[in-house]
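Start at 1 with the first residue, then count along the sequence.
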Amino acid sequence: MFDAKLLLIGFLQALFVLLLAPFFAGLSRVLRAKMHSRKGPPLFQYYYDIIKLMKRQEVRPAQATWVFRATPYIIMVSTLLIATLIPMWVLQSPFGIIGDMILVIYLFAMVRFFLAVSGFDSGSGFAQIGVARELALGILVEPTIMLVLFIVALFAGSTNLGAMSEMIALGKISYATPAIWLGMAAFAVATFIETGKLPFDLAEAEQEVQEGPLTEYSGPGLALVKWGLFMKQVVVASLFVAIFFPFGSAVVPGFLGVLGAAVLFFLKLICYYVILAVVENSVARLTLFGSPRITWVALGIALLSFVFYLVQI
């Protein structure tokens, strides 16, 4: 049986991600501009862009199939489902046993898969080059996240995200364990890549290969894809915070406890994006062929974390 209060919290978490994803994306741009001593765009610029695109006419390639048309909605729905499963505000997954790391990983993979297929489906050569770049960059990111979550699950004795978060919050999994802090480091690098920051991506590079998969989208379709990708960045960051920094989350789903946890979680994400901005502005952009070196390092750290787990058991 599902707890009605937890289900409501799950839907509120999805609403939280839906409404604030453009805000966090805009915050990242504003912080980068301030660190460059530039004025930068308004904080809510992405909201303006989404509203503007929603009002425009949508034009689709003649050869595009249902995949191209459905991808924006699949990305939106998948990221919203992930948001309902992550224990953001309470020390348990709002959807109980359904909040499993395997399901979350599959949903992340589905977003990347349909984004790639839609690029090929558009028939644009530029879009296909962009898809190849996206796949080359992210091919090791999801295995890294999967391995780190698997290691935490071994410590927790469960693949349920809520159980993993609770074990760390209650101190039953120690940060002093090398396997944990190495896994946390690998997960941090993976989330950094997924959020599209330097040295991998540049938010303003709309005319480069980076934005290739979105080349043929326009109007509401483009607005939904961009919105969905902003949401994906937030849920990846939320997963990292919820698993490794669950402190302050409500133990039971009471109104005041959940409200306080929601405010605290919002502040955690603010701190996360500030740290990202500092790191991002201290490095230079990598070439496409230089990026895999860091993804291999992240996977190597995750493998080292697994080795430490095997050594200590």
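- Considering only heavy atoms from C-beta on, L91 comes within 4.5 Å of P246 through its side chain.
- Taking the side chain as every heavy atom from C-beta outward, L161 and L239 approach each other to under 4.5 Å.
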Residues L107, L85; criterion side-chain contact (heavy atoms from CB on, under 4.5 Å); working and verdict: CA-CA 11 Å; L107 289 172; L85 300 176; 4.2 Å; yes
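- F44 and L269 fall within a single hydrophobic cluster, where Ile, Leu, Val, Met, Phe, Trp and Tyr side chains are chained together by heavy-atom contacts under 4.5 Å.
- Y46 OH to W227 CH2: the interatomic distance, rounded to the nearest 0.5 Å, is 15.0 Å.
- Hydrophobic clustering of Ile, Leu, Val, Met, Phe, Trp and Tyr side chains at less than 4.5 Å, counting indirect connections, keeps I243 apart from L264.
- Residue M76 holds its CE atom at 13.5 Å from OG1 of T71, rounded to the nearest 0.5 Å.
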Using the side-chain contact (heavy atoms from CB on, under 4.5 Å) rule, take M101 and N160 through it: C-alpha gap first, then chi angles, then the decisive distance, then the call. CA-CA 6 Å; M101 56 165 273; N160 185 271; over 6 Å; no
Donor-acceptor pairs under 3.5 angstrom involving side-chain atoms of residues 137-150: please list them, not counting sequence neighbours.
residue: E142; atom: OE2; partner: R112; partner atom: NE; Å: 2.9
residue: T144; atom: OG1; partner: L140; partner atom: O; Å: 2.7

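- Contact between G10 and T84 at its shortest, heavy atoms only, is O-CG2, 3.4 Å.
- By the ring-ring contact (aromatic ring centres under 6.0 Å, His included) test, F11 pairs with F95, sequence neighbours left out.
- Checked against side chain to side chain contact (heavy atoms under 4.5 Å, CB included), L229 has the following partners two or more places apart in sequence or in another chain: L115, L214, V225.
- Among residues two or more places apart in sequence or in another chain, the ring-ring contact (aromatic ring centres under 6.0 Å, His included) test is passed with F114 by none.
- Residues passing the side chain to side chain contact (heavy atoms under 4.5 Å, CB included) test with V117 are V67, F113, sequence neighbours excluded.
- Looking at residues two or more places apart in sequence or on another chain, you find a ring-ring contact (aromatic ring centres under 6.0 Å, His included) between F245 and F240.
- Listed by first and then second residue, the salt bridge (Lys or Arg N to Asp or Glu O under 4.0 Å) pairs that reach into residues 93-108 come to none, sequence neighbours excluded.
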Listed pairs under 3.5 Å, donor-acceptor, residues 175-187 side chains, sequence neighbours left out:
residue: Y175; atom: OH; partner: F244; partner atom: O; Å: 2.1
residue: T177; atom: OG1; partner: S174; partner atom: O; Å: 3.2

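- The shortest non-hydrogen separation linking A250 to A261 is N-CB, 3.8 Å.
- No side-chain heavy atom of Y217 sits under 4.5 Å from any side-chain heavy atom of K226.
- If you look at F16 and W89, their ring centroids are closer than 6.0 Å.
- Using a 4.5 Å heavy-atom cutoff, the side chains of P94 and Q13 are in contact.
- Distance check: L53 CG to L222 CG gives 5.0 Å after rounding to the nearest 0.5 Å.
- K52 pairs by the side chain to side chain contact (heavy atoms under 4.5 Å, CB included) definition with D49, R56, not counting sequence neighbours.
- Using a 4.5 Å cut-off between side-chain heavy atoms of Ile, Leu, Val, Met, Phe, Trp and Tyr, with links allowed through other members, Y73 and F108 fall into the same hydrophobic cluster.
- Side-chain contact between L80 and M231: present, with at least one pair of heavy atoms (C-beta onward) separated by less than 4.5 Å.
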Please walk me through it: do M54 and L224 pass side-chain contact (heavy atoms from CB on, under 4.5 Å)? CA-CA 9 Å; M54 284 292 189; L224 291 177; 3.5 Å; yes
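- Side-chain heavy atoms closer than 4.5 Å link hydrophobic residues (I, L, V, M, F, W, Y) into clusters, and following such links, possibly through other members, connects V274 to F266.
- Two residues are said to be in side-chain contact when any heavy atoms from C-beta on lie closer than 4.5 Å; V278 and M35 meet this criterion.
- Applying the ring-ring contact (aromatic ring centres under 6.0 Å, His included) test to Y106 and every residue at least two apart in sequence or in another chain returns nothing.
- Between the CZ atom of R69 and the CD1 atom of I74 there is a distance of 11.5 Å, given to the nearest 0.5 Å.
- Hydrophobic clustering, with ILVMFWY side chains joined whenever heavy atoms are under 4.5 angstrom apart, groups F306 together with I102.
- Listed by chain and number, the residues in a side chain to side chain contact (heavy atoms under 4.5 Å, CB included) with L6 are D3, I9, V90, Q92, P253 (sequence neighbours excluded).
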Can you give each donor-acceptor pair under 3.5 Å made by side-chain atoms of residues 18-25, sequence neighbours left out, with the distance rounded to 0.1 Å?
none

